[in-house]
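Below: one structure, written as structure tokens.
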There are 2 protein chains.
Amino acid sequence: MYGLPNSLKMLSPAEEQVMLAVWRCTPPATGAAIAKELVHTGWASTTRLTLLTRLEQKGWLQKEKRPGGTVYLPKITLRAYRVYTARERLDTVFDGDLSALLSALLSEHRPGLPQLEAARALLQQQMDAQIEYDWYDPYG
Amino acid sequence: MYGLPNSLKMLSPAEEQVMLAVWRCTPPATGAAIAKELVHTGWASTTRLTLLTRLEQKGWLQKEKRPGGTVYLPKITLRAYRVYTARERLDTVFDGDLSALLSALLSEHRPGLPQLEAARALLQQQMDAQIEYDWYDPYG
DNA sequence: TCATTTTTACTACATTTGTAGAAGATTTTG
DNA sequence: CAAAATCTTCTACAAATGTAGTAAAAATGA
């Protein structure tokens, strides 16, 4: 449901920054809005534009010329990208081991209780669903 | 405690594969053992060696010539790298939001109950520690 | 130990990535 | 609308990355 089209390879770090900036904008993201989201990079405007163009060529964005300025529409949702990148790390570096990943995250970081509680609830919910599934599935 | 030395920038995908292969070996990792861990890549042996050399230059590995063959010693532990890369994704793509990351992981994947239970236990443990900390810390 | 196999060092090169100047097109503003 | 400010396109280029050949060195086997 959330996989990326096969043709989309991994983003380079600079490209990723641009995509994240686009996703941060209220759509449709205008050139100016994206620029604002990228001030922290200190890039020349041409650098930003080069990256936007490359992202369009690679199929991550769709550029649309409108009166008042060009807008850039993500072809991939942030949600899909998150699923993809999280999964990629889990499989590549953590051998698919969810608790190993979690443990790495917690080992340096002290998320607040609400964060932790929310995360735990998610897992609990997943577990409940799983149990129900096992219970009712005739092939389980 | 687990941060990478600042001088170490991110690994490229190919370099990461090599480091993962080295970590998979029982130390000390010999050239042959590493090669075995990388058969799936289909790389020419020179490709592998080029990458090993680059990793040494960049400070990820230490090469040691021994009678019987060179061995490669990781200067960075797998554990440290995992912490680093997990954290990097969390901050960059998930805005530091742990449950967002978790939710991305669960949305496509159906880890088994033991996996989920282990993960939940980890969180629970972290929460307990947190609560205790809040309770006793005079500055909390 | 000498030929055979394996490993390593050095070199090479195409592709991708990071970064931006010059110049033309567009938008904004007085 | 004309001048000023901004945006976009095209072009460029150095550095990093992916990939491997050639030849020298080391290990192995007979």
Side-chain angles (χ1 to χ4, degrees), chain A residues 4 6-22 25 28-73 81 85 88 92-93, chain B residues 4 6-22 25 28-73 81 85 88 92-93:
Chain A
L4 298 183
N6 265 342
S7 53
L8 298 185
K9 318 234 182 286
M10 189 94 70
L11 291 171
S12 79
E15 287 167 344
E16 185 177 80
Q17 291 222 55
V18 175
M19 283 305 294
L20 289 170
V22 172
C25 295
T30 65
I34 298 170
K36 200 167 291 175
E37 292 294 328
L38 287 172
V39 279
H40 67 282
T41 63
W43 287 339
S45 60
T46 47
T47 301
R48 175 175 15 97
L49 265 293
T50 300
L51 290 173
L52 283 168
T53 302
R54 284 185 190 164
L55 285 167
E56 194 204 8
Q57 282 160 358
K58 294 185 181 181
W60 289 84
L61 291 175
Q62 189 184 335
K63 201 182 284 202
E64 217 165 271
K65 239 168 239 239
R66 300 199 184 163
T70 310
V71 299
Y72 298 83
L73 313 164
Y81 184 66
T85 195
E88 188 279 325
T92 306
V93 182
Chain B
L4 298 183
N6 264 342
S7 54
L8 298 184
K9 319 236 181 292
M10 190 91 72
L11 293 169
S12 78
E15 287 168 343
E16 185 178 79
Q17 292 223 55
V18 175
M19 282 305 295
L20 290 171
V22 172
C25 295
T30 65
I34 298 170
K36 200 165 292 174
E37 291 295 328
L38 288 172
V39 279
H40 67 283
T41 63
W43 288 339
S45 60
T46 49
T47 299
R48 174 176 14 97
L49 264 293
T50 299
L51 290 172
L52 283 168
T53 301
R54 284 185 190 163
L55 285 167
E56 194 205 7
Q57 282 159 359
K58 295 185 181 182
W60 289 84
L61 290 175
Q62 189 183 336
K63 201 182 283 202
E64 216 165 272
K65 238 166 236 235
R66 299 199 185 163
T70 310
V71 299
Y72 297 84
L73 313 164
Y81 184 66
T85 196
E88 189 278 326
T92 306
V93 183

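The model shown is predicted, which means the values in this text are computed figures rather than measured ones. So you know, we letter chains A, B, ... as the sequences are listed, proteins then strands, and number each from 1.
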Identify the two heavy atoms, one from A/T92 and one from B/L20, that lie closest to each other, and give their separation to 0.1 Å. O-CD1, 3.4 Å
Is there a side-chain contact between A/V18 and A/W43 (heavy atoms, below 4.5 Å)? yes
Going from CD on B/E37 to CD1 on B/I34, what distance comes out if it is rounded to the nearest 0.5 angstrom? 9.0 Å
Are the charged groups of B/E56 and B/R54 less than 4.0 angstrom apart, N to O? no
Between B/A35 and B/R48, the two heavy atoms sitting closest are CB-CZ, 3.4 Å
So which heavy atom on A/E16 is nearest to which on A/L11, and how close? CA-CD1, 3.8 Å
If a protein heavy atom is under 4.0 Å from the base, mark B; if only from the sugar-phosphate, S; if neither, -; do that for nucleotides 14-30 of chain C going 5' to 3'. ---BBBBBB----S---
Does the side chain of B/E64 come under 3.5 Å of the side chain of B/Y72 through a donor N or O and an acceptor N or O? no
Any side-chain heavy atom of B/M10 sitting closer than 4.5 Å to one from B/E15? no
Given side chains that start at C-beta, do those of B/K36 and B/C25 come closer than 4.5 Å, heavy atoms only? no
Range on DNA chain D touched by chain A, heavy atoms, distance below 4.0 Å: D/dC7 to D/dT9
A/T53 and A/K63: which non-hydrogen atoms are nearest, and at how many Å? OG1-NZ, 3.3 Å
I need the residues from residues 29-37 of chain A with at least one non-hydrogen atom less than 4.0 Å from DNA chain D; give them sorted by number, or say none. A/A32
